[in-house]
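Below is one structure, written out as structure tokens; the observations come after it.
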Amino acid sequence: MTAWKRMEVTGWGRVPRVLAEIARPERDAELDRIVQAGTGPLLAMGASRSYGDAGQPVPGGRGLLTTRLDRVLAFDPEAGTITVEPGVTFADLHRHFLPRGWLAPAIPGTAFATIGGALANDVHGKNQAAAGSFGDHVRSVELLTADGQRRTVDRDSDPELLRATIGGLGLTGIVTRVTFALQRVPSNAVTLTERRIDGLDAFLAAFEAARDATYSVGWIDALASGRSLGRGILETAEHAATSVAPVPPRQRTVPVDLPSFAMSAASTRLFNAWWWRRIPAEGRTRSVTIPAFLHPLDGLRQWNRIYGRQGFRQFQCVVPFEGGEASLRRLLEEIGRHGQASFLAVLKAFGRQGTGHLSFCMPGWTLAIDLPERKGVTELLGALERIVLDAGGRIYLAKDSRLSAEGFARMYPELDRFRAVLGRVDPDGRWQSGLSRRLGIHAPLQEAIHG
Ligand SMILES: Cc1cc2nc3c(=O)[nH]c(=O)nc-3n(C[C@H](O)[C@H](O)[C@H](O)COP(=O)(O)OP(=O)(O)OC[C@H]3O[C@@H](n4cnc5c(N)ncnc54)[C@H](O)[C@@H]3O)c2cc1C
């Protein structure tokens with residue numbers, strides 16, 4: 001018998017919140033039984049590191065937590081491929097494979113994300129320009145679809161279903177196995193160079209100059225204005241030839257929700273100024289472990305509590321390189337006017353389009369920023385959506401909780417192809433999330449079926 005537990009479910013931003021029935025199956029047979037029982041709506045859930053409602057069941061719906069489905073099933077060192085259950089996390093892979101010289105090819109900013117979640121959002125890392133996103137490295141998946149059947153899907157057997165499943169937000173079914181390529185690395189470390197950058201023009205020029213870097217990422221002071229608009233710190237990194245002593249994992253936790261004044265505009269401005277000056281004017285270079293470089297926030301458990309019980313939203317967009325500077329300027333000015341941005345703001349360059357129908361990545365500049373949940377934040381997000389639409393860019397669904405259905409349809413041109421696959425593998429729309437309802441992803445299918 002499956003144990004269902006009624007729980008409040010939120011994404012990492014802790015807004016919105018829903019009540020749903022959650023099960024944590026441990027075995028394939030149990031998972032098959034749940035799906036074959038035909039109750040719905042259902043949603044696969046990973047580590048809930050998506051910020052908004054992408055990983056949230058619909059109110060009163062059912063969530064299938066994959067965290068117990070966490071076995072590594074096969075590893076082929078000749079081909080460099082690995083087959084895992086969906087609940088395996090990047091932290092698991094770092095722990096077992098980094099000491100043997102293997103690393104996942106595209107890794108998000110938190111190692112707590114699961115491989116199932118990484119596939120379903122086609123996640124990217126600080127090496128997107130060089131290595132593409134997660135889906136580019138996937139060889140095949142096993143998918144349990146709404147009809148209760150397991151299918152192995154690869155680029156030959158059903159390329160459209162694979163493209164719908166990569167970045168497919170869990171809407172084609174629950175992924176039960178993922179086979180993907182790992183990359184060989186010479187050590188557990190990268191050589192990291194950090195440089196202060198004065199403003200937006202200089203930032204974009206510095207990214208251009210660092211085009212050949214394996215990793216590049218910018219921290220941006222989203223509250224700087226005038227001549228300093230867009231100032232920040234550029235980090236570039238290359239794999240190091242020799243390892244460094246792994247830093248013992250720190251066990252710090254934010255124990256309670258902080259009061260809202262902890263993240264006021266004044267304290268953020270002070271923090272940002274200090275953070276920027278922390279890097280010497282001439283820059284600095286040092287060796288750090290790969291996990292420390294890729295996941296700087298993972299050492300502080302439950303850091304999302306710094307925004308208080310009311311939570312926060314994350315906005316992440318990508319705008320094409322052409323006209324990108326003007327669009328970034330408009331976005332930063334709009335955020336600056338609002339005045340409530342957090343210190344967590346990131347600028348990166350993407351090099352490649354993702355392979356999924358709903359993949360986020362495309363060549364261009366990507367800007368990500370946390371916004372405490374305060375009066376005026378939804379209006380700000382509306383204004384940012386309009387700027388992104390004008391620029392011909394798109395908003396990242398893994399981070400979103402506010403995008404309009406209309407804006408979504410304009411940003412994701414392969415939506416109809418995605419819907420055509422859903423019409424084939426889930427015509428009744430059994431797999432649903434808060435996000436899929438908000439964005440009306442199933443609406444035309446439901447109209448076609450029910451008139
Ligand atoms: C601190 C932090 C930094 C981050 N940095 C980045 C970054 O640099 N790049 C980036 O791309 N993202 C980043 N993210 C976002 C995060 O990587 C993605 O949201 C990722 O999908 C989270 O994985 P998860 O296991 O938590 O999945 P969840 O958030 O639980 O679910 C995400 C989606 O995956 C689906 N899903 C989960 N498991 C399965 C399965 N077995 N089968 C089918 N569908 C499934 C869910 O239905 C949902 O649609 C970051 C998040 C945090 C908190």
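What's counted below: heavy atoms across the whole structure, side chains too, no hydrogens, waters or symmetry copies. Both ligands and their constituent atoms are indexed starting at 1 by order of listing.
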| query | Of all the non-hydrogen atoms in the protein, which one sits nearest to atom 32 (C) of ligand 1, and at what distance? | reply |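 The closest one turns out to be S50 OG, 3.2 Å.
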| task | Give the residue, atom name and distance (to 0.1 Å) of the protein heavy atom nearest atom 26 (O) of ligand 1. | result |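 The answer is R49 N, 2.7 Å.
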Any N or O of [X] closer than 3.5 Å to N or O of ligand 1:
X	result
L169	yes
S48	yes
F112	no

| request: Ignoring hydrogens and angles, state whether a donor on the side chain of Y215 or H239 is under 3.5 Å from an acceptor on the partner side chain. | output: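 Short answer, yes.
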| message | Taking only non-hydrogen atoms of A368, do any sit less than 4.0 angstrom from ligand 1? | response |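 The answer is no: ligand 1 sits nowhere under 4.0 Å from a heavy atom of A368.
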| said: Tell me the nearest of G434, A44, G170 to atom 47 (O) of ligand 1, using heavy-atom distances. | reply: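 Checking each option, the heavy atom nearest atom 47 (O) of ligand 1 is found in A44.
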| message | Is the contact between L43 and ligand 1 made by the side chain, the backbone, both, or neither, using heavy atoms and a 4.0 Å cut-off? | response |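 L43 to ligand 1: side-chain contact only, backbone stays beyond 4.0 Å.
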| Can you tell if the side chain of W219 reaches within under 4.5 Å of the side chain of V346, non-hydrogen atoms only? |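 W219 does not reach V346 side chain to side chain.
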| said: So L358 and L169, do their side chains get closer than 4.5 Å, heavy atoms only? | reply: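 When only atoms from C-beta onward are counted, L358 and L169 do touch, with a gap below 4.5 Å.
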| Pairs in or reaching into residues 344-355: which pass side-chain hydrogen bond (donor to acceptor under 3.5 Å, both in side chains), with residues at least two apart or in two chains? |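 Not a single pair qualifies under side-chain hydrogen bond (donor to acceptor under 3.5 Å, both in side chains).
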